[in-house]
Amino acid sequence: MKILYFAWLRERLNRGEEEVSPPAEVSTVAELIDWLAGRDEAFALATEKRSLIKAAVDAKLVGHDASIHGASTVALFPPMTGG
Amino acid sequence: MKILYFAWLRERLNRGEEEVSPPAEVSTVAELIDWLAGRDEAFALATEKRSLIKAAVDAKLVGHDASIHGASTVALFPPMTGG
Amino acid sequence: MTVRVTTERFDPGAELNTFLSATDNAGAAATFTGVVRSNPQDPITALTLECYPELALNQLNDLLAQATNRFDLLAATIIHRYGTLHPGEPIVQVMTLSPHRQAAFEAAEFLMDFLKTDAPFWKQETTPQGTHWVEAKSADDEAKARWE
Amino acid sequence: MTVRVTTERFDPGAELNTFLSATDNAGAAATFTGVVRSNPQDPITALTLECYPELALNQLNDLLAQATNRFDLLAATIIHRYGTLHPGEPIVQVMTLSPHRQAAFEAAEFLMDFLKTDAPFWKQETTPQGTHWVEAKSADDEAKARWE
């Protein structure tokens with residue numbers, strides 16, 4: 001599974017993407033964030049305030065309760081500031 | 001005093017402007033319309049529904065109660081349909 | 001703040017670019033363009049606008065002054081054409097520039113709402129059936145009333 | 001209905017003219033143009049927009065579909081730039097075409113309100129003091145909420 005990072009999350013993690021293989025019991029975005037935080041302190045710190053982390057699964061904007069089952073790409077990013 | 005007519009009022013009167021010399025007691029737009037109606041049946045018919053007649057005195061939009069004292073131009077016209 | 005009342009055809013895009021180039025201080029520009037409409041169900045061959053130019057300039061300048069007092073505007077322009085126009089030709093363009101998008105939008109709507117009822121233009125439509133004066137719409141009076 | 005997400009600079013006026021030439025059926029076009037702002041009190045030397053293009057296209061196309069369902073629209077276009085921009089350069093342009101001015105205005109405001117919070121762009125400002133990410137504004141969430 002590919003994880004994409006954008007904006008200050010990308011900067012704080014010092015990477016725009018990475019390949020990860022979470023175990024089968026990690027089934028939602030929230031659980032994926034928990035799992036990523038457990039293995040990487042920089043990630044844990046950067047995502048401490050969960051309300052500042054938005055997510056997309058396979059280029060579709062979703063909530064943290066969304067399933068990541070079968071997803072090939074999950075994107076994590078701060079609130080958007082377009083327009 | 002010059003009177004200007006626009007749109008269907010101009011068409012129904014068959015003139016875009018005319019010079020008139022109302023007597024001194026004709027002091028408001030409403031009185032001017034009454035006076036013009038008294039001397040011209042076509043004008044009386046065309047302005048029968050007074051709410052459909054708008055007025056400007058010296059290129060300033062006014063109500064029917066406005067003074068025409070000292071005015072050099074009074075314009076009479078239907079509701080505007082710009083934009 | 002600019003008002004132009006003209007019988008000359010104008011170019012909506014060129015006007016927008018000129019307007020935008022006026023300042024770098026504002027981030028938000030709202031534009032309204034009214035064009036002569038025609039569709040197969042209700043074809044119009046021409047639209048003729050009669051105008052009282054002297055009153056139009058007074059009314060539109062007054063309207064711009066009101067909008068500038070009321071909204072956070074850095075610039076605003078009204079262009080209004082009269083004479084005989086054909087489908088697809090622009091009739092009117094209103095442009096507003098503000099630091100904030102909401103002010104830009106509101107000012108443009110305010111200008112259009114007042115312009116519809118308070119600017120001395122009268123529209124006459126020519127269709128295959130003949131020529132008729134466009135009637136003033138009560139919806140336009142209502143749209144204006146919401147700003148009071 | 002057109003969405004364009006691009007690193008190329010676009011020409012607001014040329015885009016408006018292209019948009020207006022699409023149909024003669026509609027009389028009312030509303031345009032919003034967002035430009036990089038800079039003023040002497042608060043100078044910006046550059047604005048860099050980061051983008052997730054695949055999600056942006058999905059979100060903006062979805063947004064246009066919602067606007068088309070909700071308002072009486074004959075056409076609508078969203079153009080959004082990303083990459084590094086300088087003061088005066090256009091960032092975003094939204095254009096809507098309708099038989100009625102109110103629908104055109106409302107649809108353009110609706111698109112802008114959602115675009116501010118739901119389109120995957122992230123702004124980074126460069127000033128003489130350094131570079132910082134622009135924070136999401138609660139006013140933008142409120143502007144979006146009024147459509148619910």
Side-chain angles (χ1 to χ4, degrees), chain C residues 11-44 47 74 86-102 104-106 108-113 115-116 137 139-140 142-143 146, chain D residues 11-44 47 74 86-102 104-106 108-113 115-116 137 139-140 142-143 146:
Chain C
D11 178 323
E15 297 293 342
L16 175 57
N17 281 346
T18 302
F19 182 72
L20 289 175
S21 67
T23 173
D24 282 352
N25 288 6
T31 303
F32 179 85
T33 314
V35 300
V36 182
R37 171 188 7 176
S38 183
N39 59 58
Q41 291 79 42
D42 183 17
I44 291 174
L47 182 74
L74 287 145
H86 297 93
E89 290 185 37
I91 306 166
V92 61
Q93 187 154 296
V94 156
M95 294 174 285
T96 58
L97 201 59
S98 170
H100 312 288
R101 78 180 180 286
Q102 216 131 358
F105 271 124
E106 282 189 354
E109 291 186 65
F110 173 90
L111 290 172
M112 282 307 302
D113 283 350
L115 205 151
K116 287 267 171 185
K137 291 192 204 103
D140 286 330
E142 286 154 26
R146 71 186 162 129
Chain D
D11 178 324
E15 297 293 342
L16 174 56
N17 282 345
T18 301
F19 183 73
L20 289 175
S21 66
T23 173
D24 282 352
N25 288 6
T31 302
F32 179 85
T33 313
V35 299
V36 181
R37 170 187 9 175
S38 183
N39 59 59
Q41 292 79 42
D42 183 17
I44 291 174
L47 182 73
L74 286 145
H86 298 94
E89 290 185 37
I91 306 166
V92 61
Q93 187 154 299
V94 156
M95 295 174 284
T96 58
L97 201 59
S98 169
H100 312 288
R101 78 180 180 286
Q102 215 132 359
F105 271 124
E106 283 190 354
E109 290 186 65
F110 173 91
L111 290 172
M112 282 307 302
D113 284 349
L115 205 151
K116 287 267 170 185
K137 291 192 203 102
D140 286 331
E142 286 153 26
R146 71 186 162 130

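In the text below, chain A, chain B and the rest are named by the order of the sequence lines, each starting its count at 1. None of these values were measured; they are calculated from a predicted model.
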Tell me, for [X] versus chain D, whether the close heavy atoms (under 4.5 Å) come from the side chain, the backbone, both or neither.
X	answer
C:Glu15	neither
C:Ala14	backbone
C:Gln102	side chain
C:Pro99	both
C:Ala143	side chain
C:Asp113	both

Minimum heavy-atom distance D:Ala104-D:Ala30, with the two atoms named =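 Smallest interatomic distance, heavy atoms only, reads O-CB, 3.5 Å.
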
Test item: D:Asn17 side-chain N/O and C:Gly13 main-chain N/O as donor-acceptor pair under 3.5 Å = yes

Are any of the side-chain heavy atoms of C:Met112 and C:Lys116 separated by less than 4.5 Å?
->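 A side-chain contact under 4.5 Å exists here.
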
Evaluate the side-chain proximity of C:Thr18 to C:Met95: yes if any heavy-atom separation is below 4.5 Å, no if none is.
->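 No, every pair of side-chain atoms sits at 4.5 Å or beyond.
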
CZ on C:Phe19 to OG1 on C:Thr31, rounded to 0.5 Å |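 C:Thr31 OG1 to C:Phe19 CZ: 7.0 Å, rounded to 0.5 Å.
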
Which one, C:Thr33, C:Ile44, C:Asn39, C:Leu20, leads in non-hydrogen pairs under 4.5 Å with chain D?
->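 The candidate making the most pairs under 4.5 Å is C:Thr33.
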
Give the member of C:Ala26, C:Ser38, C:Ser21, C:Ala108 that has the highest number of heavy-atom pairs under 4.5 Å with chain D.
-> C:Ser38

Might you work through the side chain to side chain contact (heavy atoms under 4.5 Å, CB included) test for C:Gln93 and D:Leu16, ending with a clear yes or no?
-> CA-CA 12 Å; C:Gln93 187 154 296; D:Leu16 174 56; 4.2 Å; yes

